[in-house]
Q: 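Before I ask anything, let me first share the structure, which is written out below as structure tokens.
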Protein chains: 2
Amino acid sequence: MNALPDPSPPVSGLVPEVRRKLLEAAARLLSEEGPSALSARRLAREASTSTMAVYTQFGGMPALVREVVAEGFARLRERLATVEHTDDALADLVQLCRAYRENALEHPNLYTVMFGGTSLGGYRLSRADMDVGTDTFTALADALDRVMGAGLIRRENSRHVAGQCWSALHGYIMLEIAGIYRAEDGTTELVLDPLLSRLLAVPITMGP
Amino acid sequence: MNALPDPSPPVSGLVPEVRRKLLEAAARLLSEEGPSALSARRLAREASTSTMAVYTQFGGMPALVREVVAEGFARLRERLATVEHTDDALADLVQLCRAYRENALEHPNLYTVMFGGTSLGGYRLSRADMDVGTDTFTALADALDRVMGAGLIRRENSRHVAGQCWSALHGYIMLEIAGIYRAEDGTTELVLDPLLSRLLAVPITMGP
DNA sequence: AGTACCGGAATAACACTGTTATGCAATAAT
DNA sequence: ATTATTGCATAACAGTGTTATTCCGGTACT
């Protein structure tokens with residue numbers, strides 16, 4: 001009934017391409033169709049394999065989701081790393097916040113799973129996952145350290161201030177993803193900008 | 001041939017107790033065992049009925065979840081309404097924020113469904129649901145109006161400031177529910193209090 | 001070479017899920 | 001009293017995650 005097996009299976013040891021294809025399909029389905037599209041059978045179809053591959057390669061759907069989330073964290077870290085350090089530390093911080101928000105709005109489903117606590121088929125963040133996620137936090141703290149070092153904002157515990165900025169950004173972005181705030185209503189200028197500006201006691205513009 | 005089942009009670013003013021029992025079981029299961037425990041069959045068992053009741057009474061699982069969420073919004077509104085107006089408008093605002101956070105932490109699963117955008121079996125917030133949810137927002141704005149009227153904080157657009165407070169509160173609470181911030185680590189005093197204090201340019205203490 | 005092996009994938013089955021179709025009992029309407 | 005309708009139970013359908021079994025193909029011996 002089925003087509004003949006793939007004529008060229010270059011095994012080549014290290015990373016099974018079945019694993020790669022499953023992860024790729026999972027990331028794409030989550031991004032394009034949302035969490036409900038993430039099913040073992042659907043993944044198997046998309047990756048041209050059987051559901052068993054999910055179990056031999058990952059051990060189950062929750063473990064697969066965990067890897068997708070880990071990749072999401074990695075992509076976020078890389079994205080934040082693209083923000084270069086210029087001589088204007090405050091501008092760098094703003095760019096960091098922009099990159100964070102852009103990444104979240106470009107992959108909203110993934111973002112809510114990463115930070116929103118969306119239970120995806122019984123999967124919840126483990127402490128290890130959260131530790132990975134919190135180096136977002138350290139990126140913010142480092143940027144704040146430089147801003148404080150330049151005397152551009154009040155000097156204090158950068159980790160605490162980073163926690164405040166993260167809370168504010170995260171909260172605004174989650175409400176934005178939920179559809180309560182919409183950039184076309186001007187909420188970016190009316191809510192987000194004043195929020196961060198007041199928090200750091202310095203004018204900030206997140207819009208383009 | 002036959003139209004969609006009308007979700008409203010059919011004849012007498014009496015609300016079917018099957019409907020009440022289903023909603024009660026749904027709220028309890030969501031609160032105690034999380035979103036994955038919300039299944040039609042499980043609900044039918046808990047309410048001593050059959051899965052069909054879910055469809056005759058509500059029209060399906062998404063509609064039932066919608067009602068649970070609506071009840072959550074109603075409970076939040078009542079909770080916020082218990083905060084009395086004293087002659088200290090700023091203290092009232094703080095109590096409002098405390099009530100908001102306490103309600104969220106007491107029903108974290110419900111809260112993430114209400115505001116976090118957790119897709120629960122394909123259910124997502126409709127615009128009507130969001131409008132109901134945003135009278136939380138107006139409660140905040142009203143409290144801010146009184147604080148501004150008393151000259152305790154800078155006078156400006158209270159709706160915009162309310163949006164900023166809501167973003168900050170929501171973000172902190174979501175990270176708290178996700179397990180990233182833990183009150184036993186002192187994050188309430190180190191992150192949340194300074195966050196709101198700076199936002200309003202007045203000292204605020206959310207802890208007990 | 002031949003052969004035993006063994007790991008990963010395919011097939012199928014189990015216990016679930018939401019949903020729909022059917023049937024039935026009781027009530028409302030005529 | 002007879003008909004129509006309403007509301008739930010039963011059962012079935014298609015889907016889910018997961019597990020057991022089978023089976024095939026490359027690896028590693030002999």
Side-chain angles (χ1 to χ4, degrees), chain A residues 1-23 25-26 29-30 33-68 118-124, chain B residues 1-23 25-26 29-30 33-68 118-124:
Chain A
M1 294 301 177
N2 291 345
L4 288 169
D6 214 344
S8 64
V11 183
S12 77
L14 296 183
V15 174
E17 71 285 14
V18 173
R19 185 184 181 91
R20 213 184 49 77
K21 283 205 284 187
L22 280 173
L23 278 179
L29 284 177
L30 177 60
E33 303 187 32
S36 59
L38 269 193
S39 75
R41 283 173 175 80
R42 179 78 189 274
L43 285 173
R45 278 203 310 268
E46 301 279 336
S48 303
T49 178
S50 77
T51 61
M52 272 307 297
V54 173
Y55 294 87
T56 58
Q57 292 294 331
F58 300 93
M61 283 298 293
L64 184 145
V65 172
R66 188 183 317 277
E67 302 237 359
V68 173
T118 294
S119 68
L120 195 47
Y123 162 76
R124 285 193 72 83
Chain B
M1 191 173 300
N2 44 7
L4 285 171
D6 197 334
S8 62
V11 271
S12 57
L14 216 59
V15 174
E17 70 282 19
V18 173
R19 186 186 180 89
R20 214 186 47 77
K21 283 205 284 188
L22 280 174
L23 278 178
L29 284 177
L30 177 60
E33 303 187 31
S36 58
L38 270 193
S39 76
R41 283 172 176 81
R42 179 77 189 274
L43 285 173
R45 278 204 309 270
E46 302 277 337
S48 302
T49 178
S50 78
T51 60
M52 271 309 296
V54 172
Y55 293 87
T56 59
Q57 291 294 330
F58 301 94
M61 282 297 294
L64 184 145
V65 172
R66 189 185 316 278
E67 301 239 358
V68 173
T118 295
S119 69
L120 196 46
Y123 162 77
R124 286 194 71 83

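Here the structure is a predicted model, which means the values were calculated and not measured. Naming: A, B, ... by sequence-line order, numbering from 1 per chain.
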Q: Quiz question: going by heavy-atom distance under 3.5 Å, is there a donor-acceptor pair between the base of C:dG18 and the side chain of B:R41?
A: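 Counting by modelled atom types and ignoring angles, a donor-acceptor contact under 3.5 Å is found here.
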
Q: For the residue pair A:L22 and A:V54, what are the closest heavy atoms and their distance?
A: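 Nearest heavy atoms, A:L22 then A:V54: CD1-N, 4.0 Å.
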
Q: Let's go through B:R42 and B:E33 carefully: what are the C-alpha distance in whole Å and the side-chain angles of both, what is the deciding distance for side-chain contact (heavy atoms from CB on, under 4.5 Å) to 0.1 Å, and is it a yes or a no?
A: CA-CA 12 Å; B:R42 179 77 189 274; B:E33 303 187 31; 2.8 Å; yes

Q: What distance do B:R19 atom CZ and B:L64 atom CG have between them, rounded to the nearest 0.5 Å?
A: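 So the CZ of B:R19 and the CG of B:L64 are separated by 8.5 Å.
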
Q: Quick one: is D:dC8 close enough that its OP1 or OP2 comes under 4.0 Å of any side-chain N or O from B:T49?
A: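 No.
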
Q: Counting heavy atoms from C-beta on, name the nucleotide in D:dG17, C:dA9, C:dA12 closest to the side chain of A:A40.
A: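 That would be D:dG17.
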
Q: In terms of side-chain heavy atoms of A:T56, which of C:dA9, D:dG7, D:dT10 is nearest?
A: C:dA9

Q: What's the closest nucleotide to the side chain of B:M61 if the choices are D:dG17, C:dT19, D:dA9?
A: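 Nearest listed nucleotide: C:dT19.
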
Q: Whole Å only: how far is the CD atom of B:Q57 from the P atom of D:dA9?
A: 11 Å

Q: Once rounded to the nearest 0.5 Å, what's the spacing between atom OG of A:S36 and atom CG of A:L30?
A: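 Reported value, rounded in 0.5 Å steps: 9.5 Å.
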
Q: Does the side-chain contact (heavy atoms from CB on, under 4.5 Å) test come out yes or no for A:L23 and A:Q57, once each step is laid out?
A: CA-CA 10 Å; A:L23 278 179; A:Q57 292 294 331; over 6 Å; no

Q: Examine D:dC8: is either OP1 or OP2 under 4.0 Å from a nitrogen or oxygen in the side chain of B:S50? Give yes or no.
A: no

Q: Find the distance A:R66:CZ to D:dG17:C1' and express it as a whole number of Å.
A: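 In whole Å, D:dG17 C1' and A:R66 CZ are 16 Å from each other.
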
Q: Which of these nucleotides, C:dT19, C:dA10, D:dT10, is closest to any side-chain atom of B:M52?
A: D:dT10

Q: Mind calculating the distance between CZ (B:F58) and C1' (C:dG18) to the nearest angstrom?
A: 16 Å

Q: Which part of the nucleic acid, if any, lies within reach of A:L38 when heavy atoms closer than 4.0 Å are counted: base, sugar-phosphate only, or nothing?
A: sugar-phosphate

Q: Measure from CG on A:L43 to P on D:dT18 and round the result to the nearest Å.
A: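 Roughly 12 Å, once rounded to whole Å.
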
Q: Please report, rounded to the nearest Å, how far the P atom of D:dG17 is from the CZ atom of A:R42.
A: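 Atom CZ in A:R42 sits about 12 Å away from atom P in D:dG17.
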
Q: Can you tell which of C:dA9, D:dT16, C:dG18 lies closest to the side chain of B:Y55?
A: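 The nucleotide sitting nearest to the side chain is C:dG18.
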
